[in-house]
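Accompanying notes for the structure given below.
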Amino acid sequence: MNNNLIISVGRQLGSGGRIVAKMLADEFGCKFYDREVLNLAAKESGFSEEFFEQNDERKGFLDQIFHMHVPFISDSSFYDNGLSQENLFRLQSEAIRKAAEESPCVFVGRCADYVLRDHKNIVTVFITADLDDRIANVQRLNDCSPEEARKIISNKEESRSSYYNYYTGKTWGSSASYDLCVNSSRLGLEGTKQFIADFIRKVQK
């Protein structure tokens, strides 16, 4: 197994993709990055982590706040201060690349598959699940009705897909965009992790 392994995991909301990604990090001794990427980007750039959090996998956040009052930043200096949507994506991408250079990593979302597309040892995965299972998981996490869970899923995935499609030129969730797509409802989370791990070992020989 290559000691510079990078695993990028895309996931549908409620699919258990983040949990599986963490299992894979433990399996292969990789550092795990989900929201941790935002903290890295903030530290590297000097900008507040809040800007990265509110822009997290959402295309258009800065379009919304551009016409709002931002403390200490005038409209005329907004882009000069490096707070354009593209600059925040660039800073986040630089943090992802730096982390990938330093150690084996598992990244969840944030277009890491595209950012690290030239990395020799990257394996890209997308995890989905049956809609009923996803609704049940979102219900449990948010203590909400099935209708509310369905709305949460729809809104979040609209944001994720538009963000991913805009920055990568690919299609979020499409099998053509990844090395492997897996439905976690078929094997369960542990079985899904093992299936992906077996795949990774085969392609990394």
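Values below: every heavy atom of this structure, side chains too, minus hydrogens, waters and symmetry copies. We number each residue from 1, following the sequence as shown.
- The hydrophobic cluster containing Phe28 also contains Phe195, counting ILVMFWY residues as joined when their side-chain heavy atoms lie under 4.5 angstrom apart, directly or transitively.
- Formation of a donor-acceptor pair under 3.5 Å by the Lys170 side chain with backbone atoms of Ser177 is found in this model.
- Among Ile200, Ile127, Ile196, the one residue that satisfies the side chain to side chain contact (heavy atoms under 4.5 Å, CB included) test with Leu180 is Ile196.
- A salt bridge links Asp26 with Lys22: the distance from a Lys NZ or Arg NE/NH1/NH2 to an Asp or Glu carboxylate oxygen falls below 4.0 Å.
- Distance check, rounded to the nearest 0.5 Å: CG of Leu5 to CD1 of Ile122 gives 9.0 Å.
- Below 30°, between 30° and 60°, or above 60°: for Phe89 and Tyr167 the angle between ring planes is below 30°, a parallel geometry.
- Both Val203 and Val9 are part of a single hydrophobic cluster, where members link through side-chain heavy atoms under 4.5 Å apart.
- One N or O on the side chain of Gln139 and one on the backbone of Cys144 form a donor-acceptor pair closer than 3.5 Å.
- A donor-acceptor contact shorter than 3.5 Å links the side chain of Ser184 to the backbone of Ser15.
- Relative orientation of the Trp172 and Phe126 rings is perpendicular, given thresholds of 30° and 60° on the angle between their planes.
- Residue Val20 is not grouped with residue Leu13 when hydrophobic side chains (ILVMFWY) are merged at heavy-atom distances under 4.5 angstrom, including chains of intermediate members.
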Evaluate the criterion side chain to side chain contact (heavy atoms under 4.5 Å, CB included) for residue pair Phe199 and Asp179; output intermediate values, then yes/no. CA-CA 10 Å; Phe199 175 83; Asp179 296 322; 4.2 Å; yes

Could you please spell out the steps behind the side chain to side chain contact (heavy atoms under 4.5 Å, CB included) verdict for Leu189 and Met23? CA-CA 9 Å; Leu189 299 186; Met23 290 178 175; 4.2 Å; yes

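- Counting heavy atoms from C-beta on, the side chains of Ile96 and Leu116 come closer than 4.5 Å.
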In sequence, state the C-alpha distance, the side-chain angles, and the governing distance for Cys105 and Phe32, and then conclude on side chain to side chain contact (heavy atoms under 4.5 Å, CB included). CA-CA 6 Å; Cys105 301; Phe32 177 77; over 6 Å; no

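- Side chain of Asp133 to backbone of Ala129: no donor-acceptor contact under 3.5 angstrom is found.
- A cation-pi arrangement is not found for Arg160 relative to Tyr163, the charged atom failing to lie both closer than 6.0 Å to the ring centre and inside a 45° cone about the ring normal.
- Checking side-chain atoms of Thr192 against main-chain N and O of Gly188 turns up a donor-acceptor pair under 3.5 Å.
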